[in-house]
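Remember, it's 1-based here, ligands and their atoms both numbered in the order they're listed. Numbers for residues simply follow the sequence, beginning at 1.
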Amino acid sequence: MRISVVGTGYVGLVSGVCLASLGHDVICVDKKTEIVNKINNFISPIFEPKLEEMLEKVIKLKKLHATTDISWAVKNSEITIIAVGTPFKDGAIDLSYIKESAKEIGMQLAGKNEYHVVCVKSTVVPGTTDTIVRTAIEEASGKKIGGFGLAMNPEFLREGCAVDDFMMPDRIVIGAFDDQSFHVMAKVYNTVFDDPIIRTNLRTAEMIKYTSNALLANLISFSNDISNICESIGGIDAIEVFKGLIQDKRIVVKTKGEAVFPGLTQYLKPGCGFGGSCFPKDVKALVTHSTAHAYYPKILEAVLAINEQQPSKMVEKLEKLIGDVQNKKIAVLGVAFKPETDDIRESPAIKIIKILLEKGATVFACDPKAINSAAKELESEFLVLTNDYQEVLKDAEGVLLITPWESFIRIKPEEFSRLMKKPVIVDGRRVYDKLEMESHGLIYTGIGI
Ligand code: NAD
């Protein structure tokens, strides 16, 4: 099928490249010329495992092309997928990019006779596609809905494994305005995937996406709430509590003596909080949107409040062990909001680094992929950003583990002891073994102890 994708960020580019590799003819549209030029020169503007190799392949096969020209893209496709950003701004979701792209697509549809489906893939609050998007297209095209198709196909990919998630989806949800829109969208997927498609109306599809992210954010904040209770009481390690919890036969599945833990249990772990471009903004957007519809969601408000306090707990724990951080070299391992991505949006590391700098510390932070993005967000003569963890650890008086990249998990206790001035570790993801660290003379603490 001929598909155009508007917005070529994490979701748009991954979707475009994967759809092209599945055999569709894809045109990626972005308003930023530098992004378009990079793509057409086989360079991925974002880091995502496997993406750049696949990008080069589909461009060479002439299955994908990038452009800033939305008019050409819409005219030469039968479906346009909207994948622009929906940031949280001034207390609510900012739908201006959605409105703008819907209007631009509508303007192109005015002169097009062929039936065309517009599909929203961005995460938008329930009610957006059938009101704001529909109206913008109708007004700009002069056509009534039905003369064009409208669908909402939420994206569930996770940064860091986005290509695999797209190519092996756990579910495909298509909210459709009518049968014709649904059948066109279903054809994009059911020619390649066996999984059943979940068909809903437009609002339900939008709500499924928010509910998924709200549940995962809930589990993380629930874990941190329990961890904080353990810490307050003392003498309890939250890690052991969760190990005991997940043995519940309503959680674990045991077959022939083998235990299978559902993926959700990965979220039942103490940590320094969730970040990224989705969980924080989506939970906030749902709270605001719901409140505007006269229901105040108390649990979700608490999920956000707990998450807000977690980064500062890391610094408090460090100060308990080494005193005031002023004029001390502090090492930070990890800047990206999670491993295998260069995305630093809402990363707990950014908040932690800012707190440390405000307190007068000299911060050396390390990340394998996110240093360039971090340099745009953080600027201080007391901050060094590098991808060399040894430089970061050397002579440091304390280290905070924030992002559990494999290369950080593999650092041996001997290496911490050898390089650091004072081998004090605050483990924000509970990746190190406390007893092993202590047996090598390290002073170890973490979230949940
Ligand atoms: P992003 O910021 O990485 O990319 C958005 C892109 O859209 C940018 O390159 C921007 O230049 C472009 N753009 C904006 N307006 C445009 C216009 N009118 N015409 C052409 N291009 C335009 O965003 P993202 O992380 O890919 O997220 C996109 C949407 O998908 C959001 O709603 C997000 O919540 C949702 N989502 C993101 C993820 C994720 O892991 N990042 C996962 C699922 C869903």
Side-chain angles (χ1 to χ4, degrees), residues 4-18 27-39 44-49 51 66-74 80-89 93-108 118-126 128-129 132-133 136-137 140 152-166 169-171 173 205-206 208-210 212-214 216-217 274-286 336-338 340-347 373:
S4 49
V5 182
V6 179
T8 316
Y10 287 86
V11 166
L13 186 59
V14 170
S15 305
V17 168
C18 290
I27 303 169
C28 281
V29 186
D30 206 285
K31 56 182 181 183
K32 293 189 182 143
T33 314
E34 70 267 23
I35 290 184
V36 167
N37 288 344
K38 274 190 177 171
I39 294 172
S44 171
I46 52 159
F47 170 74
E48 192 59 52
L51 186 62
T67 179
T68 52
D69 185 353
I70 194 165
S71 159
W72 183 79
V74 173
T80 300
I81 293 174
I82 301 179
V84 298
T86 49
F88 190 80
K89 218 168 111 192
I93 186 171
D94 175 4
L95 293 169
S96 59
Y97 303 107
I98 293 281
K99 270 189 218 165
E100 186 189 319
S101 47
K103 187 178 165 193
E104 284 166 346
I105 296 162
M107 281 158 63
Q108 309 317 318
V118 180
C119 172
V120 177
K121 204 174 231 325
S122 302
T123 304
V124 291
V125 285
T128 305
T129 307
I132 291 172
V133 175
I137 300 170
M152 202 282 147
N153 171 218
E155 183 50 61
F156 299 101
L157 61 76
R158 294 162 300 166
E159 285 179 27
C161 47
V163 168
D164 286 345
D165 281 351
F166 195 96
D170 46 17
R171 71 208 119 151
V173 175
E206 292 164 332
I208 290 173
K209 175 65 192 173
Y210 278 96
S212 299
N213 280 355
L216 299 175
F274 57 77
S277 66
C278 292
F279 288 4
K281 86 167 170 61
D282 292 348
V283 178
K284 283 181 209 161
L286 191 55
F337 85 94
K338 65 189 272 196
E340 301 299 334
T341 181
D342 58 355
D343 197 344
I344 57 155
R345 288 179 280 185
E346 298 273 342
S347 171
S373 346

To check your reading of the model: name the closest protein heavy atom to [atom], its residue, and the distance in Å.
atom: atom 7 (O) of ligand 1; value: Gly7 CA, 3.3 Å
atom: atom 5 (C) of ligand 1; value: Gly85 N, 3.7 Å
atom: atom 21 (N) of ligand 1; value: Lys31 N, 3.3 Å
atom: atom 12 (C) of ligand 1; value: Asp30 OD2, 3.2 Å
atom: atom 32 (O) of ligand 1; value: Thr86 OG1, 2.5 Å
atom: atom 2 (O) of ligand 1; value: Arg345 NH1, 3.4 Å
atom: atom 16 (C) of ligand 1; value: Val84 CG1, 3.5 Å
atom: atom 30 (O) of ligand 1; value: Val11 CG2, 3.5 Å

- Item | Donor-acceptor pair between Thr67 and Asp69 side chains, under 3.5 angstrom |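 No.
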
- Message: Assess, by modelled atom type and distance only, whether the side chains of Thr86 and Thr123 contain a donor and an acceptor separated by less than 3.5 Å.
- Response: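 Absent: no donor and acceptor within the cut-off.
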
- Task: Using a 4.0 Å heavy-atom threshold (strictly under), name the region of Ser122 that reaches ligand 1: side chain, backbone, both or neither.
- Result: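 For Ser122, backbone and side-chain atoms both sit under 4.0 Å from ligand 1.
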
- For ligand 1, does Ala83 get within less than 4.0 Å through its side chain, its backbone, both, or neither, judged by non-hydrogen atoms? backbone

- Query: What is the minimum heavy-atom distance between Val173 and Pro154, and which atoms define it?
  - Reply: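 Closest approach of Val173 to Pro154, heavy atoms only: O-CD, 3.5 Å.
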
- Task: Please name the pair of heavy atoms, one in Cys18 and one in Phe166, separated by the smallest distance, quoted to 0.1 Å.
- Result: CB-CD2, 3.2 Å

- Message: Contact between Asp343 and Ser277 at the side-chain level, heavy atoms closer than 4.5 Å - yes or no?
- Response: yes

Determine, considering heavy atoms only, which of [options] sits nearest to [atom].
atom: atom 33 (C) of ligand 1; options: Lys103, Lys281, Glu159; result: Lys281
atom: atom 18 (N) of ligand 1; options: Glu100, Arg158, Glu48, Lys121; result: Glu100
atom: atom 44 (C) of ligand 1; options: Val6, Val29, Ile82, Thr123; result: Thr123

- Report yes or no: is the cationic atom of Arg171 (NZ for Lys, CZ for Arg) closer than 6.0 Å to the six-membered ring centre of Phe156, at no more than 45° off its axis?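 Yes, cation above the ring, under 6.0 Å and within 45°.
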
- Message: I'd like to know if the side chain of Asp342 reaches the main chain of Phe47, judged simply by a donor and an acceptor atom lying under 3.5 Å from each other, with no hydrogens or angles considered.
- Response: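 Side chain of Asp342 to backbone of Phe47: a pair is present.
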
- Query: Once you round to the nearest 0.5 Å, how far does OG of Ser101 lie from CD1 of Ile137?
  - Reply: 9.0 Å

- Note on the structure: Taken to the nearest 0.5 Å, the spacing of Glu48 CD from Asp164 CG works out to 9.0 Å

Check this for me - ligand 1, [X], N or O atoms closer than 3.5 angstrom, yes or no?
X: Lys209; answer: no
X: Tyr97; answer: no
X: Glu155; answer: no

- Item | Ser277: numbered ligand 1 atoms lying under 4.0 Å from its heavy atoms | 39 (C), 41 (N)

- Item | Those atoms of ligand 1 less than 4.0 Å from some heavy atom in Ile35 |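 Those of ligand 1 that fall under 4.0 Å from Ile35 are 9 (O).
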
- side chain to side chain contact (heavy atoms under 4.5 Å, CB included) against Leu216, all qualifying residues, sequence neighbours excluded: Leu264, Tyr267, Phe279

- Item | Partners passing salt bridge (Lys or Arg N to Asp or Glu O under 4.0 Å) against Lys284 (at least two apart in sequence or in another chain) | Glu346

